[in-house]
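Below is one structure; the comments refer to it alone.
Each ligand, and each atom within it, is numbered from 1 in the order the structure gives.
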Amino acid sequence: MAPSTQFSCSACAAVSPKWAGRCGACGAWNTMVEHRDLARTTSASVCSLDSVSLRDGEPRPTGIAEFDRLFGGGLVAGSVTLLYGEPGAGKSTLLSQVATAAAQSGQEVLLVCAEESAAQVRQRAERLGSIPGSLKVVATTSVEAALRAMDETGASLVIVDSIQAISSTEERAGAGAVSQIRACTERLVAAAKAAGPAIVLVGHVTKDGDLAGPRSLEHLVDTVVAFEGDRHQSLRVARALKHRFGTTGEVGLFEMGAGGLVGVTDPGRLLLDDHVHEVPGSALGVIVEGHRPLICELQTLVVDAHGERPRRTPQGIDAARLSLLIAVLEARCHRSLAGTDVFASCTGGLRATEPATDLPLALALVAGLEGVALPQGLCAFGEVGLAGELRRVTGAERRIAEAARLGLSTVIVPHGTPPLDTEIAVLRASSLLEAVELAASLVPTVAQVAA
Ligand code: TYD
Ligand code: MG
């Protein structure tokens, strides 16, 4: 069979079997370029499924535990991982540490730096630790040069920083164009499958996560990791969004400091240490990230509106969810936030996007509106429906166990959450109104505080 020919648009990456002067998808002129599907070979050997070797599917640890857990223990030989995040998130720092740790454990590691000079990369790596001899570097923006370096070093781990800065002479489009990024990724994927190194590609995305480049690579690679965190806050969250060799949704947590990224083994403790007690408008929730329950803090600030339209400013919280909860509080709980500006945030760089954070966010809103500080040992989780009902969420047992482990005294949960043998007081509520009243009943009165 002859290699098949396709054309793709270098502006939007749309694929077409025929050449055209103008891309039918995005309307750009003279952007269709020819692709020969070289990956398609004419012969393949057949064997029985139970004789297929499983050995090469085993993950190999890099030595950075919070990174390895994303992949179920480490990187698989021949796999390609895309790690993307906003500029400044700490991708280069993380991978510098991963490269050093893997090299220290005896792996041959190659850093392909397309954005920084080799000297800059050395400076950072030296600041983060001592550099082993088996850590190699090549500063290039050419995929052909990178492939040659991979061949020469025989590296078992290759890091390409970043895929947007790499280009191939075989492509007509400029560096950074979607068709360039895809073509280079295809070449690197083919090299990983053929020679067996694990490859990690760095991709940059903008604030709204929308950059055609890295997103269009998701189906080409085996694993996709989003690396997130506010550059002004120290917590960084790495999330496995796709993983061909194991479970997805696993998270790795790091703290950025002067010595680079440090794995956070007890994030709940970290958060509770930072948690300022007795502040009106704050409530603790329990989210589940990957397989890990995490205590999070929802903070709200409710003030008189100053503009014509009240402001609703969420941070780390879904804007639609915030509006919905404000509407439910008004319609079902007699708490109106009309005429107020509302600021709401999930602290510590975490994101409260799970439905389970509805209840603590609603409690924080009521507390913010009424200027009340909720009791220190209280946390809550549960989804809020439009009728004001509280719905059960998954992982209740794990969430309650985490709250108990961290020494909290009370957790408010949706009615119907199965009974549990635990030292923490579990209060059940069937509606948001009931939960709000329960929380209010736990707030010490002025007389109690004075006594
Ligand atoms: P960097 O890894 O360059 O981000 P990316 O590759 O995702 O663009 O790191 C960005 C930030 O991290 C930068 O603002 C400086 C900070 N940083 C530290 O706080 N401590 C450190 O040890 C290092 C190396 C970086
Ligand atoms: Mg970088």
Side-chain angles (χ1 to χ4, degrees), residues 62-67 70 80-104 109-132 135-141 143 146 157-167 175-176 181 184-185 188 199-211 213-215 217 221 223-241 251-264 267 270 274 348-351:
T62 64
I64 303 285
E66 286 295 302
F67 183 76
L70 294 169
V80 179
T81 299
L82 171 69
L83 180 120
Y84 71 77
E86 289 170 32
K91 303 177 293 296
S92 302
T93 306
L94 174 64
L95 293 175
S96 173
Q97 292 178 258
V98 165
T100 304
Q104 262 155 1
V109 183
L110 175 66
L111 283 173
V112 179
C113 357
E115 287 187 358
E116 295 165 301
S117 70
Q120 281 173 313
V121 171
R122 173 180 172 178
Q123 266 173 3
R124 174 171 43 226
E126 258 171 359
R127 221 154 53 68
L128 299 173
S130 64
I131 305 177
L135 176 51
K136 303 289 193 308
V137 64
V138 57
T140 180
T141 56
V143 75
L157 172 59
V158 178
I159 289 161
V160 180
D161 190 355
S162 69
I163 189 65
Q164 272 119 324
I166 290 274
S167 58
I181 297 173
C184 293
T185 303
L188 291 162
I199 301 184
V200 181
L201 308 174
V202 172
H204 294 294
V205 290
T206 51
K207 192 103 193 139
D208 37 11
D210 137 81
L211 189 91
R215 280 295 157 90
L217 302 181
V221 299
T223 306
V224 177
V225 174
F227 194 61
E228 297 171 347
D230 193 319
R231 84 163 81 191
H232 305 295
Q233 287 175 325
S234 62
L235 192 71
R236 300 285 186 277
V237 183
R239 279 191 184 80
L241 303 179
V251 293
L253 295 165
F254 302 90
E255 217 183 344
M256 180 67 96
L261 291 156
V262 181
V264 178
L270 189 83
D274 284 353
L350 290 174
R351 284 191 312 174

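- For a threshold of 3.5 Å applied to N or O pairs, the pair formed by P87 and ligand 1 contains no separation below that value.
- Looking at E255, its side chain never comes within 3.5 Å of a backbone N or O of V264 through a donor-acceptor pair.
- Using a 4.0 Å cutoff on heavy atoms, G90 counts as a contact of ligand 1.
- Side-chain atoms of R127 do not come within 3.5 Å of backbone N or O of G259 as any donor-acceptor pair.
- The distance from the OG1 atom of T141 to the CD1 atom of I166 is 6.5 Å, given to the nearest 0.5 Å.
- Residue G260 has at least one heavy-atom neighbour below 4.0 Å for each of these atoms of ligand 1: 21 (C), 22 (O).
- In summary, the atoms of ligand 1 found under 4.0 Å from a heavy atom of G257, numbered by their order in the structure, are 18 (C), 19 (O), 20 (N), 21 (C), 22 (O).
- Judged purely by atom type and a 3.5 angstrom limit, K91 has no side-chain atom pairing as donor or acceptor with the backbone of H204.
- The shortest N or O to N or O distance between M256 and ligand 1 is not under 3.5 Å.
- Heavy atoms of other residues, nucleotides or ligands lying less than 6.0 angstrom from CZ of R124 number more than 12.
- Not a single N, O or S atom of S162, from either the backbone or the side chain, sits less than 2.8 Å from the Mg ion (ligand 2).
- Checked by atom type and distance alone, the side chain of E126 never pairs as donor or acceptor with a backbone atom of Q123 at under 3.5 Å.
- When atom types are taken as modelled, the side chain of S96 and the backbone of S92 share no donor-acceptor pair closer than 3.5 angstrom.
- Of the N or O atoms in S92, one or more lie within a sub-3.5 Å distance of an N or O in ligand 1.
- Contacts between L128 and ligand 1, counted as non-hydrogen atom pairs separated by less than 4.0 Å, involve the side chain only.
- Geometrically, ligand 1 and A258 share a nitrogen or oxygen pair separated by less than 3.5 Å.
- The contact set between ligand 1 and R127, taken as ligand atoms under 4.0 Å from a residue heavy atom, comprises 21 (C), 22 (O), 23 (C), 24 (C).
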